[in-house]
Amino acid sequence: MVLLEADKVSRSFRIGDQSSLALSEHTLSVQAGEFLVLTGPSGSGKSTLLNVLSGLDRPSLGEVRYRGRSLADMTQQEIARLRNSSFGFIFQTPHLLPDRTVIENVELPFHYGCPRSFSEIRRRCLQLLEYVGMAPLTSRYPDTLSGGEMQRVVFARALACNPEVIFADEPTGSLDAENSCKILELLKKQTANNCSVIMATHDPGGIFYGTRVVRLEKLHANV
Ligand SMILES: Nc1ncnc2c1ncn2[C@@H]1O[C@H](COP(=O)(O)OP(=O)(O)OP(=O)(O)O)[C@@H](O)[C@H]1O
Ligand SMILES: [Mg+2]
């Protein structure tokens with residue numbers, strides 16, 4: 001089943017009086033349960049494509065559809081709801097709120113898109129932290145964690161609302177081989193639950209995990 005589609009999607013950025021093309025008429029469809037790897041040189045548009053597919057950014061031309069519905073027809077509120085309840089995000093640098101504990105950080109999505117009772121939320125988040133091997137550190141603050149530990153907390157947070165799609169932008173970029181492997185294995189596990197993973201990476205180890213690899217090429221055109 002096709003979950004997400006990009007139909008001739010282009011994105012250009014205005015820099016001064018020039019327009020620079022980052023993505024040109026890209027067409028792609030993502031099946032449920034697929035582990036899609038986006039690769040290609042720096043500047044080839046991997047992050048741009050992820051941002052457009054996930055509704056964080058809008059294409060300059062073309063259309064993105066989720067379950068057949070164009071994101072362009074959705075209100076900002078609907079897109080925000082989609083991002084909070086159907087999508088999970090992992091970026092290269094783990095973004096955690098410094099003044100919240102590990103478990104409070106994982107609980108954050110429940111304050112936006114996944115309404116449940118407090119005890120239910122706690123139970124679910126403890127389960128998730130156990131799942132990513134972070135159960136002993138639930139009351140720590142982010143600045144006391146290693147990069148790999150932080151990324152696993154981000155991972156638990158990304159899973160909070162049982163996302164249908166996980167967008168991962170260089171999720172192993174700041175990790176050593178052992179921690180990279182842990183994150184990639186966790187990503188792969190999600191696809192067994194029919195969750196799709198779309199991951200941008202340069203990491204040859206990461207490419208190996210893809211059920212499909214799409215290579216983007218750098219565009220030099222200024223339009
Ligand atoms: N906000 C922006 N304003 C102007 N140009 C941008 C902006 N974001 C991206 N670009 C340009 O778009 C092109 C694609 O960038 P993008 O970040 O998508 O590449 P990437 O493939 O993710 O690269 P990397 O592997 O280094 O992360 C680059 O030439 C970049 O300079
Ligand atoms: Mg990038």
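If you're wondering where the values come from, they're calculated on a predicted model, not measured in any experiment. We count ligands from 1, going down the list as the structure has it; atoms in each ligand are counted the same way.
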Would you please indicate yes or no on a ring centroid separation below 6.0 angstrom for Tyr66 and Phe87? yes
How far apart are the C-alpha atoms of Leu108 and Leu97, what are their side-chain angles, what is the distance that settles it, and do they pass the side-chain contact (heavy atoms from CB on, under 4.5 Å) test?
CA-CA 9 Å; Leu108 285 173; Leu97 294 186; 3.7 Å; yes
Exercise for review: State whether a side-chain donor-acceptor pair under 3.5 Å links Glu34 with Thr211.
Suggested key: no
| message | Tell me whether Glu217 at atom CD has more than 12 heavy atoms from other residues, nucleotides or ligands lying less than 6.0 Å away. | response | yes
Exercise answer, ligand 1 polar atom pairs (N/O) under 3.5 angstrom:
residue  : atom   : partner : partner atom : Å
ligand 1 : 18 (O) : Ser47   : N            : 3.4
ligand 1 : 18 (O) : Thr48   : N            : 2.9
ligand 1 : 18 (O) : Thr48   : OG1          : 2.5
ligand 1 : 19 (O) : Gly45   : N            : 3.4
ligand 1 : 21 (O) : Ser44   : N            : 3.2
ligand 1 : 21 (O) : Gly45   : N            : 3.0
ligand 1 : 21 (O) : Lys46   : N            : 3.0
ligand 1 : 21 (O) : Lys46   : NZ           : 2.8
ligand 1 : 22 (O) : Ser47   : N            : 2.9
ligand 1 : 22 (O) : Ser47   : OG           : 2.8
ligand 1 : 23 (O) : Gly43   : N            : 2.8
ligand 1 : 25 (O) : Lys46   : NZ           : 2.8
ligand 1 : 25 (O) : His202  : NE2          : 2.8
ligand 1 : 26 (O) : Ser42   : OG           : 2.6

Review point. Donor-acceptor pair, Ser20 side chain versus Phe13 backbone, under 3.5 Å?
Key: no
When every non-hydrogen atom of Gln151 is compared with those of Gln92, the smallest separation belongs to NE2-O, 3.6 Å
Using salt bridge (Lys or Arg N to Asp or Glu O under 4.0 Å), reason through Arg157 and Glu107 one step at a time and then give a plain yes or no.
CA-CA 7 Å; Arg157 189 179 60 194; Glu107 286 170 356; over 6 Å; no
Counting only protein N/O/S atoms, those under 2.8 Å from the Mg ion (ligand 2) total 1
Glu78 with Arg69: basic N within carboxylate O range, under 4.0 Å
yes
For the residue pair Asn162 and Arg124, confirm or rule out a side-chain donor-acceptor distance under 3.5 Å.
yes
